[in-house]
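Each remark here refers to the structure printed beneath this line.
Counting starts at 1 for both ligands and their atoms, in listed order. Values in this document were obtained by computation on a predicted structure and should not be read as measured data.
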Amino acid sequence: MKKILITGAAGQIGSELTEQLRNQYGNQNVIAAIHSNSNKKASITKPFCTLDIRDQYSLQDIVKQYEIDSIFHLASLLSAKAEQNPQLAWEVNVNGLMNVLEVARQNNCGIFFPSSIGAFGPGTPRDNTPQITIQRPNNIYGISKLSGELLCDYYYNRYAIDTRGLRYPGIISYQALPGGGTTDYAVHMFYAALQTKQYDCYLKPETRLDMMYMPDALNAAINLMQADSKKLQHRNAYNVTAMSFTPQELANEIKKHISNFEVNYQIDPTRQAIADSWPNHMDDSAARQEWGWQPSYILSSMVEDMLQQLEKKLNN
Ligand code: AKB
């Protein structure tokens, strides 16, 4: 990787990935693409450009102008937001990815594509979910992510485009907020614990899902993109996880630090149905074996660090 483009660079993962890649590859070599309507334009540092991922011609211009050879394609609607507008979700998540793949084919770029635990469905085994298994998602986000995995396979097999992907679990971070996801509760709970000491959770207390702390999510993407291509048997997309917990278990861990924190449950049927169709815990042994995936944070160390970092951020 010499010249990198990050789409969705103002998002939860994109903003921190931009920073980390700039530290490794140099500021001038990492171009942040943000949506023209983004309210974060003022805080994005150069070099950056505005891009609607549905516009293939603008993407082509940007890739040519900056002589891009690698694209981290993070622009996407998350699960709950996608369910509110399925047509837009298809345009952004599937047609947007097609644009990236086509431009990558014409300019010989490598691609990182984030799939998700959402690419599974209610028929998938929920415990120790295998790398290769039944995938029949029943919401538009899952359908778009599964389509993305298949499109990436297709461009690799048909055109030898170096596509690589991960099935991300819920991502927990303190810098940019997630927006429109089902796992967002896990981030919101920390803000509430520090600010109001009370949180109304929209998922049931026993809803178990895979999760990961942001430093591990960033390392996973970068390590996969730096891995030896010949070793990648399951390139699109690898199961990766770091921990698996329920809202109640997260609340209990936070209470070890903030004893008067209270959580109530007011279930949102849409997000609960989405979460109920996702795995409890994925088997990520293929990622461990093929490119050395190894997370650093478990639940207790993540909660401790999150509370410290978020408290500092809120005090500033
Ligand atoms: C979401 O909740 O939609 C995302 C995901 C797990 O893909 N965080």
statement: Per-atom filter on ligand 1: closer than 4.0 angstrom to a heavy atom of G181 are 1 (C), 2 (O), 3 (O)
message: Looking only at the side chains, is there a donor atom on one of W293 and D284 sitting less than 3.5 Å from an acceptor on the other?
response: yes
field: Short N or O distance, S79 and ligand 1, threshold 3.5 Å exclusive
entry: yes
- request: Apply the side-chain contact (heavy atoms from CB on, under 4.5 Å) test between T163 and each candidate in L101, L97, L232; give the one that qualifies.
  value: L101
query: Side chains of H281 and D210: is there a donor and an acceptor less than 3.5 Å apart?
result: yes
- request: Examine T183 against ligand 1 and note whether any of their N/O atoms are separated by less than 3.5 Å.
  value: yes
task: Please state whether the rings of Y155 and Y159 are parallel, tilted or perpendicular, taking 30° and 60° as the class boundaries.
output: tilted
statement: One finds that the ligand 1 atoms under 4.0 Å from a non-hydrogen atom of L78 are 3 (O)
task: Report the relative orientation of the aromatic rings in F112 and F72; use parallel for angles under 30°, tilted for 30 to 60°, perpendicular for over 60°.
output: tilted
query: Would one find an N or O of D184, backbone or side chain, under 3.5 Å from an N or O of ligand 1?
result: no
task: For I117, counting its heavy atoms only, list the atoms of ligand 1 lying under 4.0 Å from any of them.
output: 6 (C)
query: What is the nearest protein non-hydrogen atom to atom 2 (O) of ligand 1, stated with its residue, atom name and distance?
result: T182 N, 2.7 Å
task: Give the atoms of ligand 1, by number and element, whose distance to some non-hydrogen atom of S116 is under 4.0 Å.
output: 5 (C), 6 (C), 7 (O)
Distance filter under 4.0 Å to W278 heavy atoms, resulting ligand 1 atoms: 1 (C), 2 (O), 3 (O), 6 (C)
Counterpart residues, salt bridge (Lys or Arg N to Asp or Glu O under 4.0 Å), relative to R22 (two or more places apart): none
query: Would K256 and E304 pass as an ion pair if we require N to O under 4.0 Å?
result: no
